[in-house]
Amino acid sequence: IPEAGHKYYLQFSTEDYRTGENAGSCLATVLYPKKRSPPVVSIKCSHTKDQKEIQEEDNRLYQRIRHQTKPITGNNIPDSYGNIEPALEPVWALAVAGSSSIMWEKSTETLGYFLAQVKSVKQWMRKDDFLEFDYTVLLHEIPTQEIISCHMRLTWLPGRPLKVKHFCASESHGAEEASGAESGSAAGPSAEKGASF
């Protein structure tokens with residue numbers, strides 16, 4: 001589109017990142033503005049799971065974390081063999097959802113990102129019902145193959161938007177700071193935001 005940027009029309013299917021099951025299909029338009037990032041996205045998805053089922057999954061995840069007697073901490077998730085300890089699966093699920101907002105803000109028409117690893121995670125014990133975690137995540141930048149380290153502070157309560165604040169630094173791009181909020185299910189990034197644009 002002259003003076004505006006490049007617009008793409010996409011049709012794709014989604015899957016549950018844990019089970020690999022089909023989670024629905026989507027139609028989207030993505031505009032990469034000439035002078036601005038992140039992209040402007042319009043998306044419509046049909047889901048194989050209904051909202052009630054998604055809320056139940058969120059509540060199970062939340063209860064599993066809330067019933068811990070001491071703060072959750074962990075390093076190198078997954079490990080060098082690709083394994084995730086069952087006790088750390090909930091914090092990995094939140095890292096997947098939270099890091100998608102970082103990838104969303106950092107992605108451009110020529111650069112994309114994938115969550116490679118949670119380098120470290122620490123839970124903050126709060127007096128209210130919210131869950132709060134500090135993460136250091138490693139994002140794999142495509143096509144440069146660079147690994148970007150980001151600090152992420154994530155706050156979540158089922159039924160409320162997932163809040164993410166972050167700071168990323170990389171050698172080739174200097175240091176850059178960004179902060180945003182991702183709303184949606186902790187079972188995965190929200191349909192409105194998208195996971196890997």
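The model shown is predicted, which means the values in this text are computed figures rather than measured ones.
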message = Is the ring pair Y135/F133 parallel, tilted or perpendicular, if the boundaries are 30 and 60 degrees?
response = tilted

Roughly how far, to the nearest 0.5 Å, is [atom2] of [Y] from [atom1] of [X]?
{"X": "K34", "Y": "E109", "atom1": "NZ", "atom2": "CD", "value": "10.5 Å"}
{"X": "H140", "Y": "I148", "atom1": "NE2", "atom2": "CD1", "value": "9.5 Å"}
{"X": "M125", "Y": "I72", "atom1": "CE", "atom2": "CD1", "value": "8.5 Å"}
{"X": "L131", "Y": "T155", "atom1": "CG", "atom2": "OG1", "value": "9.0 Å"}

query = Which pairs count as side-chain hydrogen bond (donor to acceptor under 3.5 Å, both in side chains) when at least one residue sits in residues 76-90, sequence neighbours excluded?
reply =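 The answer is N76-K119.
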
inquiry  = Do Y62 and L157 have side chains that approach each other closer than 4.5 Å (heavy atoms only, starting at C-beta)?
reply    = yes

query = Are any of the side-chain heavy atoms of P90 and L88 separated by less than 4.5 Å?
reply =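 No; the side chains remain at least 4.5 Å from each other.
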
query = Out of V137, T136, V91, which residue meets the side chain to side chain contact (heavy atoms under 4.5 Å, CB included) rule with V118?
reply = V137

query = P39 and W104: which non-hydrogen atoms are nearest, and at how many Å?
reply =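 Of all heavy-atom pairs spanning P39 and W104, the closest is O-CZ2, 3.8 Å.
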
remark   = Across all chains, not counting sequence neighbours, the side chain to side chain donor-acceptor pair (under 3.5 Å) partners of Q11 are none

message = Determine whether E141 and I147 satisfy the following criterion, side-chain contact (heavy atoms from CB on, under 4.5 Å), listing intermediate values before the conclusion.
response = CA-CA 6 Å; E141 186 177 85; I147 298 295; over 6 Å; no

query = With the threshold set at 4.0 Å, does a side-chain nitrogen-carboxylate oxygen contact exist between K122 and D134?
reply = no

Residue pairs, two or more places apart or on separate chains, that pass disulfide bond (SG atoms under 2.5 Å apart) and touch residues 107-160 =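 Qualifying pairs, neighbours excluded: C150-C168.
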
ask   = Are W124 and W156 in one and the same hydrophobic cluster, where Ile, Leu, Val, Met, Phe, Trp and Tyr link if side-chain heavy atoms are under 4.5 Å apart?
value = no

ask   = Does one hydrophobic cluster hold both V40 and I1, with members joined at side-chain heavy-atom distances below 4.5 Å?
value =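 Linked, V40 and I1 end up in one cluster.
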
task = Evaluate the side-chain hydrogen bond (donor to acceptor under 3.5 Å, both in side chains) criterion for residues S25 and S46: first the C-alpha distance (whole Å), next the side-chain angles of each, then the deciding distance (0.1 Å), finally the verdict.
result = CA-CA 6 Å; S25 60; S46 62; 3.2 Å; yes

